[in-house]
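First the structure, in the form of structure tokens, and then the observations on it.
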Amino acid sequence: MVIMVYNTLTKRKEEFKPLRKGEVRMYVCGPTVYDYPHLGHARTYIAFDVIRRYLEHRGYTVLMVMNFTDIDDKIIKRAQETGEDPKELAEKFIRVFLEDMAALKVKPADVYPRVTEHVNDIIAFIERLEEKGYAYEGSDGVYFEVSKFKEYGKLSGIKVEELKKGARVEPGEGKKNPEDFALWKKAKPGEPKWESPWGEGRPGWHIECSAMSSKYLGESFDIHGGGNDLIFPHHENEIAQSEACFGHEWVRYWLHTGFVMVKGEKMSKSLGNFVTVRELLQRYSPEVIRFFVLQKHYRSPLDYTEEGLMHAKNNLERLYNTLENIRVAMERVELAYTWGEEEFELYEVIKEGRRKFYEAMDDDFNTAEALKAVFEVSNAVNRYLTKVERPKESVLRKAWEFFKAVSEVFGLFEDYFKEQKTGNEEALIKLLVDVRAQLRKEKRYDLADKIREELRKLGIQLEDTPQGTVWKRIRV
Ligand SMILES: Nc1ncnc2c1ncn2[C@@H]1O[C@H](COP(=O)(O)OP(=O)(O)OP(=O)(O)O)[C@@H](O)[C@H]1O
Ligand SMILES: [Zn+2]
């Protein structure tokens, strides 16, 4: 089975063939960290999380990099408004972003490079562009000369001539042509700055992604993603910089997510029509938000409405009911010495459901279609369980395994399956470890040692390390 992906660069679905065997290298543009993430951001990052999970599920090792834009005009402006230090402001919202994504069960990227920690790599990149004749220094910064890169516009379809017509060089701007964009911005008084061959200043926005992605993923890689609004100018400029610098094709597949919309407009900070992830989490569980996102294909617009979220909640509840029905039924199952009509019927639906699920996900990660297959299986399981007195273990187990695969790909029911295996055991061990630490503080070593000894008998080994006590299972 091949995976087909829609490539914004070629504007069609293509067979997915990674550059390196068994490995996918992907880069997703991360947030500019000056505010709380809203549902629009969540949609984009959940979508790429599911794409990544699916590729892993299909056996690829995925190396995923996401940047943090931790210095930029918006951050400086916000810091000036609130009187905070821009660095601290960025630091705070990186933390917020990571917390919100963790709450939403978005798997962390492998590397989160930040601009402020990669200024030297960015400078080296700009120097290479200068050497190759694509960059020039103006009075207020270093610019990329767009007309020198002959393939400019290949991603967005925007022509250099149109850009020339649509804009002019403003007084005080140091660029030669209106379409040129800044690689390096010379510092204005009071702004954060770094030393460079062009004097003190800071990187422009686009260059960070070219420099940091190539540092971690090499000079060509498989997938580059972001929201639709990044196609132009951000990704167009990234391509120009990178391909000018490396002299060859840079990224194989460009993937873009559709917007979360509110009454026909893009949810955005500037329009003020946003709902933050935190606000939503007070009303809905993280999985409801994920489910809401998954109900639509990632390239389609997604309307934010309360009814939509309620609908997601109800549907997710239906799936959890099915899981509980299976779990409870497992207690009264019997080993299958025979299969009746009901078993064959359910088996057929599970088999078809699995096929449809993978077919949908292989077709440009179509989560909306894949979910339909999940419900077909769910409904069939419930029908089966109301019909038969003594369900057969083998056929129920097939349904259970299917839901586990769905869980892995969609990032739903993860805690549920974990609880099935461990119950509250881990929480209870942690409680005992904490109680023992408290006893030791109070120098009640007899009781503390008793806890350690009794746990050891149960196959749990406690180790006191400088970072605190960790526990391990004794296996042999
Ligand atoms: N309404 C939305 N729907 C889907 N994705 C979005 C939406 N708004 C922003 N994104 C995506 O979130 C990611 C992070 O965006 P970024 O930090 O640049 O936000 P931003 O553009 O400052 O936000 P805003 O658009 O609200 O001002 C980008 O990939 C962007 O395309
Ligand atoms: Zn980027």
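These numbers were taken from a predicted model, which means no experiment stands behind them. Just follow the structure's listing: the first ligand is 1, and inside any ligand the first atom is 1.
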Kindly say whether the aromatic ring centers of Phe246 and Phe125 come within a distance under 6.0 Å.
-> yes

Atom 9 (C) of ligand 1 - nearest protein heavy atom and its distance = His41 CD2, 3.5 Å

Does Gly258 reach ligand 1, in the sense of a heavy atom lying below 4.0 Å from it?
-> yes

Any side-chain donor-acceptor pair under 3.5 Å between Glu324 and Tyr416?
-> yes

Judged by heavy atoms only, the candidate from Glu265, His38, Lys269, His256 nearest atom 27 (O) of ligand 1 is Lys269

Atom 25 (O) of ligand 1: closest protein heavy atom, distance to 0.1 Å, is Lys266 NZ, 2.7 Å

Check each heavy atom of Phe48 against ligand 1 and say whether those closer than 4.0 Å belong to the side chain, the backbone, both or neither.
-> neither

Contact partition for Arg43 relative to ligand 1, non-hydrogen atoms under 4.0 Å = neither

Evaluating non-hydrogen atoms only, which member of Asp229, Leu271, Val260, Thr257 is closest to atom 31 (O) of ligand 1?
-> Asp229

For the ring pair Tyr216 and His118, is the centre-to-centre distance below 6.0 Å?
-> yes

What protein heavy atom sits nearest atom 18 (O) of ligand 1, and how far away is it?
-> Thr32 OG1, 4.0 Å

To the nearest 0.1 Å, how far is atom 29 (O) of ligand 1 from its closest protein heavy atom, and which atom is that?
-> Gly227 N, 3.0 Å

Do any nitrogen or oxygen atoms of Leu230 lie less than 3.5 angstrom from nitrogen or oxygen atoms of ligand 1?
-> no

Any nitrogen or oxygen of Met267, main chain or side chain, under 3.5 Å from a nitrogen or oxygen of ligand 1?
-> yes

Quick look: Tyr45 vs ligand 1, heavy-atom contacts under 4.0 Å, and the answer is side chain

Arg290 bridged to Glu287 by N-O distance under 4.0 Å | no

So which bit of Lys74 gets within less than 4.0 Å of ligand 1, heavy atoms only: side chain, backbone, both or neither?
-> side chain

Geometric cation-pi criterion Arg278 and Tyr36, 6.0 Å radius, 45° cone | no

Distance filter under 4.0 Å to Pro31 heavy atoms, resulting ligand 1 atoms | 17 (O)

Are Phe410 and Phe357 close enough that their ring centers fall under 6.0 Å?
-> yes

His224 vs Met26, side-chain contact (heavy atoms from CB on, under 4.5 Å): CA-CA, chis, key distance, verdict = CA-CA 6 Å; His224 192 127; Met26 70 190 276; over 6 Å; no

Do the side chain of Asp49 and the main chain of Lys107 share a donor and acceptor less than 3.5 angstrom apart?
-> yes

Ion pair present between Glu369 and Lys372, side-chain N to carboxylate O less than 4.0 angstrom?
-> yes

Does a donor on one side chain sit under 3.5 Å from an acceptor on the other, for Trp198 and Glu130?
-> yes

List the closest protein heavy-atom neighbour of atom 5 (N) of ligand 1: residue, atom name, distance to the nearest 0.1 Å.
-> Thr44 OG1, 2.7 Å

Under 4.0 Å from one or more heavy atoms of Tyr34, ligand 1 contributes atoms 22 (O)

heavy-atom search around atom 4 (C) of ligand 1 in the protein gives Gly40 O, 3.1 Å

Parallel under 30°, tilted from 30 to 60°, perpendicular over 60°: which one fits the rings of His57 and Tyr358?
-> parallel

Heavy atoms of other groups near Lys105 NZ, more than 12 under 6.0 Å = yes

Please confirm whether Gly30 comes within less than 3.5 Å of ligand 1 when only nitrogen or oxygen atoms on both sides are compared.
-> no

Is it possible for you to check whether Lys266 lies under 6.0 Å from the centre of the six-membered ring of Phe259, through NZ or CZ, and within 45° of that ring's axis?
-> yes

Using the side chain to side chain contact (heavy atoms under 4.5 Å, CB included) rule, pick out the option among Glu145, His206, Glu236, Lys175 that qualifies with Phe181.
-> His206

When you check the space around the Zn ion (ligand 2), which protein N, O or S atoms turn up under 2.8 Å?
-> Cys29 SG, Cys209 SG, His234 NE2, Glu238 OE2

For Asp35, the option from His41, Arg78, Lys74, Lys269 that meets side-chain hydrogen bond (donor to acceptor under 3.5 Å, both in side chains) | Arg78

